[in-house]
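Everything below concerns the one structure shown next.
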Amino acid sequence: MTIITIYLFCSGLVLGSFFNVVGLRLPIGKSLIYPSSSCPSCSSRLKVIELIPVISYIWQKGSCRVCKYKISALYPTIELSTAVLFSIAPFITNGFGEGLLYITLSSLLIMVIVSDLSYMVIPNSLLLFFLPILILEQWYFSLASFSHMAIGGILGYLVLLAILLLSRDGIGGGDVKLFGVIGLVLGIKGVFLSLFLAVLFGACGAVIGMMIGRVQKGKPFPFGPYIAFGTFIVFMKGDQLFSWYMGFFI
């Protein structure tokens, strides 16, 4: 188990670096391969040693080696978060199939976080790429029936669509589509619990953001990260949370 955990952690570091690239380039239509990674300020190409996840950021003290441009802390945060999320997979899932589904969903959500924080956009192409993969994984490993996935996906989409229409653009269309994909994985109970947690986290984030001047009242802010946080918690502890909640009524 130790070897598997280390392998997943290292894989998460490497893939987390790639997820940063996807989240930053895909929404603006840039190639994921060309040009190679470079400083956004002076355009100097990064050397191999500067591409080592997390370590390179610490070694360079969070700045470009050429122009000393301050590098966003988002890069190492995403790399380390992906590594942690991947490494805990064996401890929070049952069997290879569920673990693979968790890692696939985590990969999608990490890229959504980067994209939404950077541009307040959740690319349709990203959701369309992961949609058939998530469906096939659940079907192949018998994790959920097609009817279960369909009902969860439709409910997730329609509930967020209703919120979008009633709130008059209080959330984005990307959030609606994302919840449709999440509903395919979490099912009926999970998608509503995930929504509750996302709204709760989002409200707390908005209040804190206004207190420190990062969020302005009446101005939109990225909701995708809060959807991701709620989804992670439900995937990990959804049944326990649902049982705890139902205990107040039974």
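We're numbering straight along the sequence, starting at 1. Keep in mind it's a predicted model, so treat the numbers as computed, not measured.
A donor-acceptor pair is defined here as one N or O able to donate and one able to accept, closer than 3.5 Å; no such pair exists between the side chain of R25 and the backbone of K30. Although no hydrogens or angles enter the test, the distance criterion places no donor-acceptor pair under 3.5 Å between the side chain of S118 and the main chain of L24. Within the 3.5 Å criterion, the main-chain N or O of Y75 finds a donor-acceptor partner in the side chain of N20. Judged by distance alone, the side chain of D116 and the main-chain N or O of I122 form no donor-acceptor pair under 3.5 Å. In this structure, the side chain of E79 does not engage the main chain of P53 through any donor-acceptor pair within 3.5 Å.
Annotation: side chain of S107 is in contact with side chain of F19 (closest heavy-atom distance under 4.5 Å). Looking only at side-chain heavy atoms (C-beta outward), F192 and L155 come within less than 4.5 Å of each other. At least one side-chain heavy atom of L8 sits less than 4.5 Å from a side-chain heavy atom of I103. Proximity of V191 to V159: side-chain heavy atoms (C-beta onward) are nowhere separated by under 4.5 Å. Residues F146 and W139 are in side-chain contact: their nearest non-hydrogen atoms beyond the backbone lie under 4.5 Å apart. At least one side-chain heavy atom of F129 sits less than 4.5 Å from a side-chain heavy atom of I133. I88 is listed as a side-chain neighbour of M236, based on a closest heavy-atom distance under 4.5 Å. No side-chain heavy atom of Y119 sits under 4.5 Å from any side-chain heavy atom of L26.
Atom OH of Y157 sits in a sparse spot, with 12 or fewer heavy atoms from other residues, nucleotides or ligands closer than 6.0 Å. Within a 6.0 Å radius of CD1 in I28, more than 12 heavy atoms belonging to other residues, nucleotides or ligands are found. In this structure, L32 places its CG atom where more than 12 heavy-atom neighbours from other residues, nucleotides or ligands lie under 6.0 Å away. Within a 6.0 Å sphere centred on CD1 of I212, heavy atoms belonging to other residues, nucleotides or ligands number more than 12.
Minimum interatomic distance between D175 and L160 (heavy atoms only, all atoms of both residues): O-CG, 4.2 Å. Smallest separation of non-hydrogen atoms from R65 and Q60: N-NE2, 4.1 Å. Looking at every heavy atom in both residues, K177 comes nearest to L127 through CB-CD1, 3.5 Å. Residues L100 and E137 share a closest heavy-atom pair of CG-OE2, 3.6 Å. Here the closest non-hydrogen pair linking A89 and T93 is O-OG1, 2.5 Å. Nearest heavy-atom pair across S194 and I227 is OG-O, 4.1 Å.
The aromatic rings of F235 and Y102 sit tilted relative to each other, their planes meeting at an angle between 30° and 60°. Taking the six-membered ring where tryptophan is involved, the planes of F223 and Y226 are tilted, since the angle between them lies from 30° to 60°.
Between the CG atom in N94 and the CG atom in L143 there is a gap of 10.0 Å [rounded to 0.5 Å]. Put simply, CE on M120 and OG on S115 are 11.0 Å apart, with the number rounded to the nearest 0.5 Å. With rounding to the nearest 0.5 Å, the separation of CG in L117 from OG1 in T77 is 10.0 Å. Rounded to the nearest 0.5 angstrom, I154 CD1 and L161 CG are separated by 12.5 Å. The distance from atom CG of L197 to atom OG1 of T231, rounded to the nearest 0.5 Å, is 9.0 Å. A distance of 11.5 Å separates CG of L126 from CG of L131, quoted to the nearest 0.5 Å.
Screening L80, L85, I78 against T82 for a side-chain contact (heavy atoms from CB on, under 4.5 Å) leaves a single residue, I78.
Under the 4.5 Å side-chain heavy-atom criterion for Ile, Leu, Val, Met, Phe, Trp and Tyr, I188 and I233 are members of the same hydrophobic cluster. A continuous path of ILVMFWY side-chain contacts below 4.5 Å connects I171 to F196, so both sit in one hydrophobic cluster. Side-chain heavy atoms closer than 4.5 Å link hydrophobic residues (I, L, V, M, F, W, Y) into clusters, and following such links, even through other members, never connects I55 to V14. Follow the hydrophobic side-chain contacts under 4.5 Å out from L136 and you reach I182 in the same cluster. Hydrophobic clustering (ILVMFWY, side-chain heavy atoms < 4.5 Å, transitive): I208 and F201 are in distinct clusters.
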Checking side chain to side chain contact (heavy atoms under 4.5 Å, CB included) for the pair F179/L195: CA distance, chi angles, key distance, verdict? CA-CA 8 Å; F179 239 97; L195 175 59; 3.7 Å; yes

Go through the steps to decide whether S87 and T5 satisfy the test side chain to side chain donor-acceptor pair (under 3.5 Å), and finish with yes or no. CA-CA 5 Å; S87 64; T5 302; over 6 Å; no

Could you please spell out the steps behind the side chain to side chain contact (heavy atoms under 4.5 Å, CB included) verdict for L15 and F86? CA-CA 10 Å; L15 288 173; F86 278 25; 3.6 Å; yes

Is there a side chain to side chain contact (heavy atoms under 4.5 Å, CB included) between F232 and S106 once you walk through the steps? CA-CA 8 Å; F232 283 133; S106 297; 3.5 Å; yes

